[in-house]
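Worksheet for the structure shown next.
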Amino acid sequence: MFKRIATSRKARLSFDFEGHRLEAEDGDTVAAALLLAGERVLRSTAVSASERGPFCLMGVCFECLVEIDGIPNRQACMVKVLPGMRVRRQRGAARVGST
Amino acid sequence: MSAYDVAIIGAGPAGMAAAVEASRAGFSVVVFDEQDAPGGQIYRAIERADAGRLALMGEDYARGRALAEAFRTSSAVYMPGTIVWNVDASLRINYSGATGSGEVTAGSVIIATGAMERATPLPGWTLPGVMTAGALQILLKAHELVSDDTVLVGCGPLLFLVAQQMTEAGSPPRAVVETTAPGALRRALPHLFGALRAPAYLRKGLAMIRQLARAGVPVYRHAQAVAIEGREAAEAVSFTIKGQRHRISAGTVGLHQGVIPNQQITRLLGCEQDWSASQRCFVPRLDPFGETRIQNVYVAGDGAGIGGAVSAALGGRLAALRIAARAGKATTGEARSVMARLARDRAIRPFLEALYAPSDEVLVPADDTLVCRCEEVTAGQIREAVALGAPGPNQAKAFLRCGMGPCQGRICGPVVTEVIAAARRTPQDAVGYYRIRPPLKPLSVAEIAGLAPAAEGQPLD
């Protein structure tokens, strides 16, 4: 489990993940906020539906793809949490017009 | 469409230093950065770091702050949160960012896209909870997050640095499992004398290892047959040392086998590449100033071959000085003294490269280990494709779709080259690499369409 060891507090904000309300701090990426919340599975693969989570956290591996505010294929490690953001796991391949 | 004298891709130490020097020389400069603030990965979130985080990450990290300040006060146009998705031979750059897509042209381009971690294909490496050691460091550096159930596996200076930083943060890893082969130290010793030209690195390394010992972090050496166990997510790391199987429970696993240049843009441009046997990766062929065989295209920093942050900044400066000298501009620095400092700083590398050579298990994984994470292709399938006549990565890709998923081969590419080279008993540079094509990152159709009116003056609808 991840915990935060910050010495100075930043503004807090909340967002939605799979219908649950989660807290984040200003500056958190979606991937970081989800890991802190104990969410290790962010998607399942298009090939075998095996579950995956963040791997490189620097935009290289594309393992942390999620759906954000209805738009699929977003890299959770490259997107900052915004208040009220709606995040969902990406199950299998993204479908055009699925939302 | 805007035109700049110098376009720099990446805002890590190399990109920032290049931008400072090129601006000082009076050039118009644009800097593209995928991240939302300067620093690259090594100095990530440096501008937001408070005293506590600077102390935690150490003085080598804190050094990035002065560079970021110099970069911010320079006249360079900074484009954060912007992905460069094409660069062509006439130095036209296509990008996409918060304000949509755009195109610029440049007199010179400095590619400062840095390094990425070498892929570490092992049984279980796709399980959620398994990350790169660099990812764990990013969580600590940028978000002040640390996990309490971590085992670190692999080899290289970063593995020990992350272990030390986690310890400093009050959450030491449960163990460091080192995969270096017996005899690595003996092979590295001939390079020790040269490494003494950069003694600060040796001192830092020894201090890290001593701190881990003091904190009681177990270090397992010469581990083989490493596997990550778990049903839906990582539960444990198991490995063999001297015939004995070990198992340590872990919900978070940090893998590391060194870093390699990010090759996407140099490959896209068709820059010649050479195989580095000591760094075990491809490096672009460059002149002493960092210029590729394509005139006015430079590579600076770890993308030019792994040298670390100090060398990266020197390399960025050197490229900018070269561009200034070519244009007949007066410059404040001198290329010769920068080159001398670069040589001194890099003196540690042959020692580190010999000491922390990646393990064969990871370079040439077992048949049933996944190599391409996106398309789920195993090493065995690649060997079958070779047996059927696929001579290189591009044919394997046509057979199996490896490298055709969303990461576009970034992760599996170097492994596929190694697996084919070993299977064919052919050198890696003869086997080659995936052909890299635009767009360099997945784009929406809207992002491409958004570019069209500006580029051609013709709306698409």
Side-chain angles (χ1 to χ4, degrees), chain A residues 1-10 24-66 71-82 89-90 93-94 96, chain B residues 34-37 40-41 44-45 48 50-53 55-56 81 83 114 116-117 119 125-132 134-140 142-149 169-171 232-234 251-252 255 262 370 373-377 401 405-408 410-411 441-442 444:
Chain A
M1 278 296 286
F2 285 90
K3 62 179 180 197
R4 195 181 303 266
I5 52 149
T7 47
S8 53
R9 290 277 127 195
K10 293 169 192 77
E25 274 188 11
D26 187 35
D28 280 352
T29 60
V30 172
L34 290 176
L35 285 170
L36 181 61
E39 299 289 352
R40 290 193 292 181
V41 177
L42 268 55
R43 72 172 186 118
S44 58
T45 64
V47 178
S48 72
S50 71
E51 295 192 317
R52 298 286 172 85
F55 182 69
C56 78
L57 287 180
M58 52 181 275
V60 173
C61 76
F62 290 75
E63 287 288 19
C64 63
L65 295 179
V66 290
I71 299 171
N73 285 332
R74 304 296 309 275
Q75 290 179 281
C77 73
M78 300 291 283
V79 178
K80 293 269 155 76
V81 176
L82 293 175
R89 290 194 181 94
Q90 185 160 316
V96 175
Chain B
E34 274 189 358
Q35 297 294 327
D36 68 343
Q41 298 305 328
R44 189 156 160 164
R48 289 194 285 122
D50 58 16
R53 187 144 57 82
L56 175 64
I83 282 166
M116 49 172 272
E117 274 175 275
W125 76 306
T126 54
L127 286 169
V130 181
M131 288 180 242
T132 66
L136 295 178
Q137 198 196 31
I138 287 167
L139 288 169
L140 190 54
H143 304 288
E144 295 167 283
L145 301 184
V146 65
S147 67
D148 56 8
D149 57 355
S171 256
E232 274 113 43
T252 307
L255 301 176
N262 181 342
L370 274 189
R373 297 172 61 106
C374 298
E375 293 292 330
E376 301 184 56
V377 178
R401 289 191 55 84
C407 97
Q408 298 173 286
R410 285 172 171 83
I411 302 286
K441 289 228 166 163
S444 68

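Chain identifiers are assigned alphabetically (A, B, ...) following the order of the sequence lines, protein sequences preceding nucleic acid strands; residue numbering begins at 1 within each chain.
- Listed here is the closest heavy atom pair of B:C374 and A:V47: O-CG2, 4.0 Å.
- Judged purely by atom type and a 3.5 angstrom limit, B:R48 has no side-chain atom pairing as donor or acceptor with the backbone of B:A37.
- Nearest heavy-atom pair across A:R4 and A:L36 is NH2-CD2, 3.4 Å.
- With chain A as the partner, the residue from B:E117, B:Q35, B:M131, B:K441 showing the most heavy-atom pairs under 4.5 Å is B:M131.
- With a 4.5 angstrom heavy-atom cutoff, A:M58 touches chain B via backbone and side-chain atoms both.
- Judged purely by atom type and a 3.5 angstrom limit, A:R52 has no side-chain atom pairing as donor or acceptor with the backbone of A:T45.
- One finds no salt bridge joining A:R89 and A:E51 here, because no Lys/Arg side-chain nitrogen approaches an Asp/Glu carboxylate oxygen to under 4.0 Å.
- Of the two parts of B:I138, only the side chain, counted from C-beta on, holds a non-hydrogen atom closer than 4.5 Å to a non-hydrogen atom of chain A.
- Contact annotation for A:L65: only side-chain heavy atoms (C-beta onward) come within less than 4.5 Å of a heavy atom of chain B.
- Taking A:S48, A:G59, A:P54, A:G27 one by one and counting their heavy-atom pairs under 4.5 Å with chain B, the maximum is reached by A:S48.
- Looking at A:E25, neither its backbone nor its side chain comes within 4.5 Å of chain B, counting heavy atoms on both sides.
- Comparing A:C77, A:C56, A:G53 by how many heavy-atom pairs each has under 4.5 Å with chain B, the most go to A:C56.
- Looking at B:E34, the atoms closer than 4.5 Å to chain A (heavy atoms on both sides) sit in the backbone and in the side chain alike.
- Contact record, B:P406 with B:P442: O-CG, 3.8 Å, taken as the closest heavy-atom pair.
- B:D149 contributes atom CG, which lies 7.5 Å from atom CZ of A:F2 (distance to the nearest 0.5 angstrom).
- Atom CG in A:D28 sits 10.0 Å away from atom CG in A:L34 (nearest 0.5 Å).
- Side-chain contact check for B:L136 versus A:L57: every heavy-atom pair is 4.5 Å or farther apart.
- If you tally non-hydrogen atom pairs under 4.5 Å between each of B:R373, B:R410, B:M116 and chain A, the highest count goes to B:R373.
- With a threshold of 4.5 angstrom between heavy atoms, B:N262 does not approach chain A through any atom at all.
- The contact between B:E375 and chain A is made by backbone and side chain atoms together, counting heavy-atom distances below 4.5 Å.
- Contacts with chain B were tallied for A:E63, A:M78, A:K10; A:E63 has the most, counting heavy-atom pairs under 4.5 Å.
- Contacts between B:L56 and chain A at a heavy-atom distance below 4.5 Å involve the side chain alone, from C-beta outward.
- Of the two parts of B:R44, only the side chain, counted from C-beta on, holds a non-hydrogen atom closer than 4.5 Å to a non-hydrogen atom of chain A.
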